[in-house]
Asks: 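Mind looking over this structure? Questions follow.
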Amino acid sequence: MVAAASSEDAVQTPRHVAIIMDGNGRWARQRMWPRTLGHREGVEALRRAVDAAGELGLDYLTVFGFSTENWRRPKDEVNALFDLLRLYVDRDLKRLTDEGVRVRIIGEREGLSSDILDIIERAEARTAHNSRLHLTIAFNYGGQQEIARAARRLAEDAVAGKIKPEEISAAMFAGYLDTRGLPPPDIVIRTSGELRLSNFLLWQAAYSELVFLDVLWPDFDKAALEKAMSEFAQRGRRFGGVGGA
Ligand code: FPP
């Protein structure tokens, strides 16, 4: 099948891994700790994931930090998640900058407080010249909302006469998404054993290999990333039907 060839190539060499970092609450509950301590340990796991992504030669790592649906959580927990973004950027920005990591934050910016917007802008500006590893944090992000925002901007450009409706293609549409310029993820990992995409990268994950790991996010490490990448490689070999098992 001709259509399979390009997917097969993508499967052989993962460049972009996206992760739904799930299981912080359960990890904390197992220890009779408050959920927020699970999220705090989740930041440590994020640090390990960024290091491992660099060591394993990935070009892009995208993580789901806060979803548009997470606003439904208790206020304390929402505040804790915002505090953790602040903490992560405050503590790690210098190191990320020095290590060649480019940081981007995707998601809805409207409605975020000015201090969070400052933090986001500082992280993006300080690392804009980097290209060794592209770290994208989805924050206040929902895939359906992202697609709706893209459609709105596209419609505005059409009304303004900048584009013609008949010119609209999938490639053009992708250029209106928050992820414009990023390749689609080769692998989407979800930790904690849940089997859902939960509104993460709905457009971009169209051809991604989905890997579900039983590990809870605070326990995620390089070995877990390697496990996901080796599962991906096996699927690639089966997909092409050449050279492997
Ligand atoms: C899902 O676990 C995880 C989240 C909603 C937040 C993920 C956040 C982090 C890993 C902290 C780092 C974040 C940033 C932005 C630096 P859950 O709470 O749904 O776990 P549960 O399903 O076990 O309850």
Side-chain angles (χ1 to χ4, degrees), residues 11 13-67 70 80-81 83-105 123 127 130 132-139 141 185-198 200-201 205 208-236:
V11 163
T13 50
R15 296 176 67 203
H16 185 176
V17 171
I19 311 181
I20 302 172
M21 309 183 286
D22 195 12
N24 296 345
R26 274 162 285 170
W27 186 92
R29 202 168 55 225
Q30 283 173 359
R31 291 158 180 77
M32 317 274 254
W33 291 354
R35 294 175 55 80
T36 49
L37 286 187
H39 295 313
R40 196 183 295 177
E41 277 304 309
V43 177
E44 299 305 320
L46 175 60
R47 290 193 173 108
R48 286 195 295 276
V50 172
D51 288 347
E55 287 161 20
L56 294 171
L58 294 178
D59 297 325
Y60 299 88
L61 178 69
T62 300
V63 295
F64 205 177
F66 186 83
S67 79
N70 287 154
L81 287 166
D83 285 345
L84 286 176
L85 179 67
R86 284 188 195 94
L87 185 85
Y88 180 63
V89 172
D90 281 346
R91 290 230 183 118
D92 286 41
L93 188 56
K94 186 178 181 319
R95 192 167 74 93
L96 293 169
T97 308
D98 294 346
E99 289 180 356
V101 179
R102 178 166 182 181
V103 180
R104 254 178 279 224
I105 285 83
T127 61
N130 282 344
R132 190 177 69 85
L133 175 69
H134 296 254
L135 171 64
T136 303
I137 302 173
F139 198 84
Y141 174 87
D186 300 301
I187 314 176
V188 175
I189 299 173
R190 183 172 189 145
T191 58
S192 92
E194 301 288 347
L195 308 177
R196 287 185 300 281
L197 275 181
S198 295
F200 186 47
L201 301 179
S208 304
E209 291 292 333
L210 307 182
V211 176
F212 299 101
L213 298 176
D214 281 334
V215 64
L216 299 175
W217 177 251
D219 292 327
F220 190 89
D221 58 9
K222 186 177 178 184
L225 182 57
E226 283 176 315
K227 184 167 182 243
M229 287 171 70
S230 81
E231 189 170 327
F232 170 81
Q234 280 164 19
R235 288 188 204 175

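Quick caveat: nothing in here was measured; it's all calculated off a predicted structure.
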Asks: Mind running side-chain contact (heavy atoms from CB on, under 4.5 Å) on Asn24 and Glu41 for me, showing each step along the way?
Replies: CA-CA 8 Å; Asn24 296 345; Glu41 277 304 309; over 6 Å; no
Asks: Short question: side chain of Arg31, backbone of Trp27 - any donor-acceptor pair under 3.5 Å?
Replies: yes
Asks: Show your working on side-chain contact (heavy atoms from CB on, under 4.5 Å) between Asp92 and Val101 and close with a plain yes or no.
Replies: CA-CA 11 Å; Asp92 286 41; Val101 179; over 6 Å; no
Asks: Is there side-chain contact between Ile19 and Leu46, with at least one heavy-atom pair below 4.5 Å?
Replies: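 The answer is no, as the side chains (C-beta and beyond) never meet within the 4.5 Å cut-off.
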Asks: Look at the side chain of Asn70 and the backbone N and O of Ser67, then say whether any donor-acceptor pair between them is shorter than 3.5 Å.
Replies: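 Checked: pair present.
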Asks: How close do Pro218 and Gly38 get, heavy atom to heavy atom, and via which atoms?
Replies: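 The answer is CG-O, 3.7 Å.
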Asks: Taking Arg95 first and then Asp51, would you say they form a salt bridge - that is, a charged N and a carboxylate O separated by under 4.0 Å?
Replies: yes
Asks: Quick one: closest heavy-atom pair of Ala80 and Thr36, and the distance?
Replies: CB-CG2, 3.4 Å
Asks: Not counting sequence neighbours, which residues clear side chain to side chain contact (heavy atoms under 4.5 Å, CB included) with Glu194? List them please.
Replies: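 Glu194: side chain to side chain contact (heavy atoms under 4.5 Å, CB included) contacts with Asp22, Arg26, Arg190, Ser192, Arg196.
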Asks: Test of understanding: with side chain to side chain contact (heavy atoms under 4.5 Å, CB included), list the residues that count as partners of Asn130, not counting sequence neighbours.
Replies: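 Testing Asn130 for side chain to side chain contact (heavy atoms under 4.5 Å, CB included), a comparison that skips the adjacent residues, returns Thr97, Arg102, Thr127.
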Asks: Once you round to the nearest 0.5 Å, how far does CZ of Arg104 lie from CD1 of Ile137?
Replies: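 The CD1 atom of Ile137 is 12.0 Å from CZ of Arg104, to the nearest 0.5 Å.
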Asks: Only counting residues at least two apart or in another chain, list the ones meeting side chain to side chain contact (heavy atoms under 4.5 Å, CB included) with Ala138.
Replies: Phe64, Ile106, Tyr141, Phe200
Asks: About how many Å separate NE2 of His134 and CZ of Arg15, when rounded to the nearest 0.5 Å?
Replies: 8.0 Å
Asks: Determine the minimum heavy-atom distance between Leu213 and Ala228, stating which atoms define it.
Replies: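 That closest heavy-atom pairing would be CD1-CB, 4.5 Å.
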Asks: Could you give all pairs that pass the side-chain hydrogen bond (donor to acceptor under 3.5 Å, both in side chains) test and reach residues 220-229, with sequence neighbours left out?
Replies: Glu55-Lys222
Asks: Do NZ/NE/NH1/NH2 and the carboxylate oxygens of Arg235 and Glu231 come within less than 4.0 Å?
Replies: yes
Asks: Which of these, Thr136, Thr62, Asp59, sits in a side chain to side chain donor-acceptor pair (under 3.5 Å) with His16?
Replies: Thr62
Asks: Determine yes or no for a side-chain-to-main-chain donor-acceptor pair under 3.5 angstrom, with Arg48 supplying the side chain and Phe220 the backbone.
Replies: yes
Asks: Can you tell me how far apart CD (Glu209) and CE (Met229) are? Round to the nearest 0.5 Å.
Replies: 13.5 Å
Asks: Could you tell me which residues satisfy ring-ring contact (aromatic ring centres under 6.0 Å, His included) with Phe139, sequence neighbours excluded, listed by chain and number?
Replies: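 Partners of Phe139 under the ring-ring contact (aromatic ring centres under 6.0 Å, His included) test: Phe66, Phe82.
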Asks: With sequence neighbours left out, write down each residue that passes side chain to side chain donor-acceptor pair (under 3.5 Å) with Asp98, or none if nothing qualifies.
Replies: Lys94
Asks: For side-chain contact (heavy atoms from CB on, under 4.5 Å), just list the numbers for Leu216 and Gln30, CA-CA rounded to whole Å, side-chain angles, deciding distance to a tenth of an Å, and then say yes or no.
Replies: CA-CA 11 Å; Leu216 299 175; Gln30 283 173 359; 3.5 Å; yes
Asks: What's the shortest heavy-atom distance between Leu58 and Leu133, and which atoms?
Replies: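 Looking at all heavy atoms of both residues, the closest pair is O-CD1, 3.4 Å.
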Asks: Which atom pair, heavy atoms only, marks the closest approach of Asp214 to Gly193?
Replies: OD1-CA, 3.8 Å
Asks: Supply the atom-to-atom distance Leu135 CG to Tyr60 OH, rounded to the nearest 0.5 angstrom.
Replies: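 The CG atom of Leu135 sits 13.0 Å away from the OH atom of Tyr60.
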Asks: Can you confirm whether more than 12 heavy atoms, excluding those of Arg91, are under 6.0 Å from its CZ atom?
Replies: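 Incorrect, the count does not exceed 12.
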Asks: How many angstroms lie between atom OG of Ser208 and atom CD1 of Ile187, to the nearest 0.5 angstrom?
Replies: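 Reported to 0.5 Å precision, the distance equals 9.0 Å.
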Asks: Given Val17 and Phe232, is the side-chain contact (heavy atoms from CB on, under 4.5 Å) satisfied, shown in steps?
Replies: CA-CA 11 Å; Val17 171; Phe232 170 81; over 6 Å; no
Asks: Roughly how far, to the nearest 0.5 Å, is the CG atom of Asp219 from the OG1 atom of Thr191?
Replies: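 With rounding to 0.5 Å, OG1 (Thr191) is 9.5 Å from CG (Asp219).
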Asks: Testing the basics here: between Ala18 and Leu201, what is the closest heavy-atom pair and its distance to 0.1 Å?
Replies: CB-CD1, 3.7 Å
